Amino acid sequence: MEPILSVIVPVYNSEKYLERCVESVMASSLKNLEIILVNDGSSDCSDKLCDRLAQRDKRIVVIHQQNAGVSAARNRGLEKAEGKYFAFVDSDDYIEPDMYEKMIASMEKNDADLVCCGFCREYSGETRRTKENSCESIERIVDRDQAMELLIGVQNGISTMVANKIGKRSIQIENNICFDENLYECEDGAFWCDYIASIGKAVWRNDIFYHYVIHDKNISRNWRIGRSKRSNFLAWNHIIRKCGLISEDLVSLAELRYQIYLRKMLFEAYCSFGYSAEIDNLIPKLKYYRKQLYLSKNLTLKRKIYYFGCGIIVKYDLGHGTAVLWKRIRETCRK
């Protein structure tokens, strides 16, 4: 019997978290699924752990490849997938047992091409949760344009993260949608942007089904400006172009996200490493889409002031103490 769902898990040096991740998928109330573990050239014991897990459950398929990055690993999983639907889980995260059963039921009930769920961020080694991301209604039905707006939106969106969504393999195959292997961050946003551009209808559930585990090794937690961080701009340029084929309003929203990310990245890098040649090279980009920031109706006045302040502190090199104080003021306002 062909599986109804293919769950793709890219694996790279994640032996500390991998077993919990895979066991959470194995415990899914949706039994008719396959779990594709793509070991992307791990140098720890993740490769052996993948093989041991496959011995415990016949639904697990293991692919070993030389290190080529998370995008290549996910593409390899998509090539191997046999399910009607596909989903992704990062190897350091985990899911709720009823996630896939309920999400696929929503897709089929509403004849939708995409389903998204809420998620929570959890810090490794701690029991507390940070802000949960979910919608207000139990199920929200949206068309393509609305789904794209939710994907790239700055408030109450579905997030560009890869793993809180399920798509149809038929749409992915027919439209040749895959991960750009030249992107090292925001590759998930670019992928789902391409996918959503090809759909008719989507469902967003408010359930918190996915647990995003934050730890020091998360790529997104490292603010050093290098190839990985700079690829975000390539990804957002792609998203802006794709939105341009749909709606000018979506273009403005994507440009706003571009500018917000730029200011956040420069500010966090400045806080961690001080002013650098990499920051100096990116300062001219603060002019790109700047008007989208102060004209936006999607941001509160406090957030606009904060992001402009981030840019001013970095641009004029006002010092580490000023940056730390600005960050504390922001954190105080959130409480």
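Keep in mind that this is a model prediction, so the values were computed, not measured.
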Taking the side chain from [X] and the backbone from [Y], do they hold a donor-acceptor pair closer than 3.5 Å?
X: Lys165; Y: Met161; value: yes
X: Tyr12; Y: Val38; value: no
X: Lys242; Y: Asp194; value: no
X: Ser296; Y: Leu293; value: no
X: Ser14; Y: Tyr17; value: no
X: Ser247; Y: Asp249; value: yes
X: Trp192; Y: Val162; value: yes
X: Arg59; Y: Pro3; value: no
X: Arg140; Y: Trp204; value: no
X: Gln146; Y: Asp143; value: yes

Under 30°, 30 to 60°, or over 60°: which ring-plane class applies to [X] and [Y], parallel, tilted or perpendicular?
X: Phe191; Y: Phe179; value: parallel
X: Tyr212; Y: Phe119; value: perpendicular
X: His211; Y: Tyr94; value: parallel
X: Trp326; Y: Tyr306; value: parallel

Legend entry - Matching residue for Asp113 among Lys168, Lys84, Arg144 - test: salt bridge (Lys or Arg N to Asp or Glu O under 4.0 Å): Lys168
Side chain to side chain, [X] and [Y], heavy atoms closer than 4.5 Å:
X: Tyr85; Y: Ile4; value: yes
X: Val22; Y: Val25; value: no
X: Ile171; Y: Ile199; value: yes
X: Phe308; Y: Arg263; value: yes
X: Lys315; Y: Ile312; value: no

Inset, instruction - Could you tell me the separation between the NZ atom of Lys285 and the OH atom of Tyr258, rounded to the nearest 0.5 Å? - result: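 With rounding to 0.5 Å, NZ (Lys285) is 4.0 Å from OH (Tyr258).
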Is it true that [X] and [Y] have a side-chain N and a carboxylate O under 4.0 angstrom from each other?
X: Glu139; Y: Lys102; result: no
X: Glu268; Y: Lys229; result: no
X: Asp40; Y: Arg74; result: no

Any donor-acceptor N or O pair under 3.5 Å, side chains [X], [Y]:
X: Asn13; Y: Ser43; answer: yes
X: Gln292; Y: Gln259; answer: no
X: Glu101; Y: Ser29; answer: yes
X: Glu15; Y: Ser46; answer: no
X: Tyr261; Y: Arg257; answer: no
X: Tyr275; Y: Asp317; answer: no
X: Glu185; Y: Ser228; answer: yes
X: Tyr210; Y: Asp93; answer: yes

[X], [atom1] atom: more than 12 neighbouring heavy atoms under 6.0 Å:
X: Lys264; atom1: NZ; answer: no
X: Arg20; atom1: CZ; answer: yes
X: Phe273; atom1: CZ; answer: yes
X: Lys31; atom1: NZ; answer: yes

Inset, instruction - Just do the side-chain contact (heavy atoms from CB on, under 4.5 Å) check on Phe233 and Leu282 with the steps written out, would you? - result: CA-CA 11 Å; Phe233 302 120; Leu282 290 171; 4.1 Å; yes
Inset, instruction - List the steps and the verdict of salt bridge (Lys or Arg N to Asp or Glu O under 4.0 Å) for Glu23 and Arg56. - result: CA-CA 10 Å; Glu23 286 182 344; Arg56 289 170 49 187; 2.9 Å; yes
